[in-house]
Structure formats: C-alpha cells, structure tokens
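The structure appears right after this line, and notes come after that.
Here the structure is a predicted model, which means the values were calculated and not measured. In what follows, chains carry the letters A, B, and so on, assigned in the order in which the sequence lines appear, proteins first and then strands, with residues in each chain numbered from 1.
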Amino acid sequence: MSKQKSNWYEFYKGIWEINPTFKQILGTCPTLAVTVSVMNGIAMALATTFVLVFSSLFISLVRKFIPNQVRIAAYIVIIAAFVTIADLVMKAKFPELSKALGPFVPLIVVNCIILGRAEAFASKNSPWKSVLDALGNGAGFLLALLIMGSIRELLGSRTILGYQILPNGFEPLVVMILPAGAFLTFGLLMGFSNFYLERKKRIEQQELIAKFRKPEVKVEVKGMEA
Amino acid sequence: MDLLIIFISAAVVNNFVLAMFLGICPFIGVSNKTSSALSMGMATTFVMVLTAIVSWLLYFLILVPYKMEFLQIPSFILVIAALVQFVEMVIKKVSQPLYRALGIFLPLITTNCAILGLALLLSMREYTFMQSVIFGLGAGAGFTLALFIMSGIREELELTDVPKAFRGAPITLITAGLLALAFMGFAGMI
C-alpha cells in the first residue's frame, strides 16, 4: 500500500511541489518563446513530455552500464535521438505548428528540464518510477505553459484556442504577444506565486508558534509552584 | 552591405536574448555583476563564432551532400560539446589569466540554447560561410550587450527596496520585459 502511494507521489510532485517552470526555474526559454497562443504552448509541452518520458525510460534502463565520467554525453545522445523523432514527426504531421514553433522543437535537446531530470532522477531510480517522474514533470510544464499561454492569448488577441472570449469593445493589449509581454507575464506570475506561498508559510508559522506557546507557559507555572 | 545588415539584425533588431528568447538561463543566472557579465558575454561570443564556422562546415559540406540532414540535431550538439571542451583545454594551456577570467563560464555554454539556436538558424536560413561568421559575431555582440545592460541595472536594483516576494528572478524578468520594450525601438532600423 505504501509503495503505491510513493509511486503516486513521484507523479504528483512534478505538477506543483517541484514544478519545473515555477519552482526549479528550468526551461525558461521555450516557456517565454512559444506561449503566444495556447495551442503552441500545448504542442510544445506535449513534444517536451514525449522526449522527457522516453529519454528518462532509456536512461534509467542503461544507467548501470554507463561509466560515470561520460554519462552526460551519453544522456545528450539519447535525448537528441528522441528530439529528432519528435521534430521529424511534427514536420510531417503538423507542418504549420512546426513552423510556428520554429527552432524551439530541435532546441528541446538543450532544455534543462530533460537533462535535469535525467541527472537528478532517472540516473538513480527504476524505469517505472522514472517514467512516472517524467510524466509528472511534463504535466507541470504543460500547466505552466497553459497558464502563460492563456493569459497572453486572452489579453493579446482576445481569444483562447482561437475562440473569441473577450468582447470586441476590449482593445487588445498587443504588447502581451510581443517578447516584452512574455517577460512581464512570467515575472509577475512568479512574483505573485512567491507572495502567496510566503503568506501561507507565515500563517503556518504563526499557528505553529501559537501551538507551542501553551505548553511552555504551563511548564513555567509548574516550575513556579515547585 | 548585406553583411552589415546581418550583423545589426542579429545584434540589436532580433537580439537573441530580448527578441528571440535564446539564452535566458545565463541571462538571469550570470547577470548580477558587470564584470562577470562581460566575461560571460565575451566567452559566449568567442564560442558562437567558432560554432558558426564549424557547424556551417559540418552542415553544408558533410550533412547536405550526403543527404544526412536528419542527423543535424545530434551532430550539432556533439560538435558544440566537443568544441567547448577543446576551447577550454586550449585556453588553459595558452593563457592562464584568460582561463581564470573565462574558465568557469565555458562548461555552462554547452547547454546554452543560444549556441545551438545559432547553429540551427544558420542552417535553416541557408547563409553562406561569410554570412554565418558575421551572424555568429552579431549574435554574440547582442548577447554581450543585453547581459551587460542587465547587469548594470541589477547592480542598481540591489540598493532599492523591492517587495520581498519579487526579489531575485521575478524583478529580473520584469526588468527584462522593460528592456525588451526598449529594444523594440530598433525594429524600424531595417
């Protein structure tokens, strides 16, 4: 039963607890570059997740045969192979999306999320756990790109996934779909999430202090009695 | 004239960091001191020019004639990794002061997406050899410029009273956003 729970945790932690974009600040370049629309964000996240899952699986399978000194080079070759697959499939099946994402599909090779998970998790854990971890981190990345993409597409072109949401009276904020908007959105999101987490932490700390204060007082009273 | 346009376009109009989002990690990581920002920028420019030369030769003299374009991604990344290793060894042997100034930044450059992005873009746009070298030089100059300006601003930001939740990465990103707005002013140049 406990084993089941820990497996579930390997998946679950990637979505928020160690979210690759907001918590580990990895893979910033694609997060900023492709979130002009929600669709691009989803495509990018799915391609990254595909590469992440398969490279984690393979790295975990061969982790005991790779000498420690050349492991990074070996990881990069494995990752590059899967990125090539993703790139060629996208070019053949979704030429328009591939054109919209530009060099960012081949650039998944140097996305720090993938090498980061390979080094921190897949090189030390069993294949099954590595796949779960990769899926979780991919989902976390998808979540981040969805949030970024929705905000930018909604404010920048009044739509989400191509459907108009805001009325015609709303003047689109063109800056949101320009590079500057990407930096601003990401910075504000990160700042507000920090603010929320810090407030939560402070409240928890105060509760903890309040909990521990009572017994202290009791001890003092007892000491005085004696 | 053509070469000048490529240089200016890569350096300011389509700045790698502020307009194309390549190399954000070092941009945020190494931009807290002007001196280290300059060293990082110079090391990156150096590797960019070398990468432009080597990847042009690899792509247009080996991969294209033998119809092996599908090997582009693995071959580029391996060549860049080997190149950076090689540069590090040469600098260590030739000049100790230069190694001390650039040495720690060189391993970081391998996973800098600006370098691989440069190699992919010059093969995508089918530049000639000379154009590729100038493109690498311009991209490096633009990267150094962005990093240098950013580090100057961040040194001032250290002294200001930023809300606690926004300290570090968030305020840096917002500053980068304003800087990107300023760089949009160059868009009319070409």
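Of the atoms belonging to B/Ala176, heavy atoms from both backbone and side chain fall under 4.5 Å from chain A. For chain B, the nearby part of A/Leu178 is the side chain; its heavy atoms alone come within less than 4.5 Å. Contacts of B/Met184 with chain A are made by side-chain atoms alone, with heavy-atom separations under 4.5 Å and no backbone atom involved. Residue A/Leu32 touches chain B through both its backbone and its side chain, counting heavy-atom pairs closer than 4.5 Å. Interface remark: A/Phe104 contributes side-chain atoms only to the contact with chain B (heavy atom separation under 4.5 Å). With a 4.5 angstrom heavy-atom cutoff, B/Ile77 touches chain A only via side-chain atoms. Using a 4.5 Å cut-off between heavy atoms, A/Leu115 contacts chain B through its side chain alone, with no backbone atom that close. Proximity to chain B is limited to the side chain of A/Asp87, based on heavy atoms less than 4.5 angstrom apart. Proximity to chain A (any heavy atom under 4.5 Å) is restricted, for B/Leu120, to the side chain, taken from C-beta onward. Contacts between B/Leu78 and chain A at a heavy-atom distance below 4.5 Å involve the side chain alone, from C-beta outward. No part of B/Leu71 comes within reach of chain A, as not one of its non-hydrogen atoms sits under 4.5 angstrom from that chain.
Counting heavy atoms from C-beta on, the side chains of A/Leu107 and A/Cys29 never come closer than 4.5 Å. Under the 4.5 Å side-chain criterion, counting only non-hydrogen atoms from C-beta, B/Phe143 is in contact with B/Leu147. With a 4.5 Å cut-off on side-chain heavy atoms, B/Gln72 and B/Phe76 count as touching.
Atom CZ of B/Phe70 has more than 12 heavy atoms from other residues, nucleotides or ligands within 6.0 Å.
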Let me see the working for A/Gln24 and A/Arg117 under side chain to side chain contact (heavy atoms under 4.5 Å, CB included), right down to the final yes or no. CA-CA 11 Å; A/Gln24 307 178 56; A/Arg117 288 334 282 170; 3.8 Å; yes
Test salt bridge (charged side-chain N to carboxylate O under 4.0 Å, His left out) on A/Glu153 and A/Arg158 and set out the steps. CA-CA 6 Å; A/Glu153 198 185 332; A/Arg158 298 188 292 214; over 6 Å; no
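Classified by interplanar angle (parallel below 30°, tilted 30° to 60°, perpendicular above 60°), the ring pair A/Phe58/A/Phe82 is tilted. Ring geometry for A/Phe183 against B/Phe21 counts as tilted: the plane angle lies between 30° and 60°, on a 0 to 90° scale. Between A/Phe192 and B/Phe166, the ring planes lie perpendicular to each other; the angle is over 60°, past the 30° to 60° tilted range.
Contact tally against chain A (heavy-atom pairs below 4.5 Å) for B/Pro170, B/Ala180, B/Gly177: the top residue is B/Pro170. When the candidates A/Ala182, A/Ala180, A/Ala80, A/Gly102 are compared by the number of heavy-atom contacts under 4.5 Å with chain B, A/Ala180 comes out ahead.
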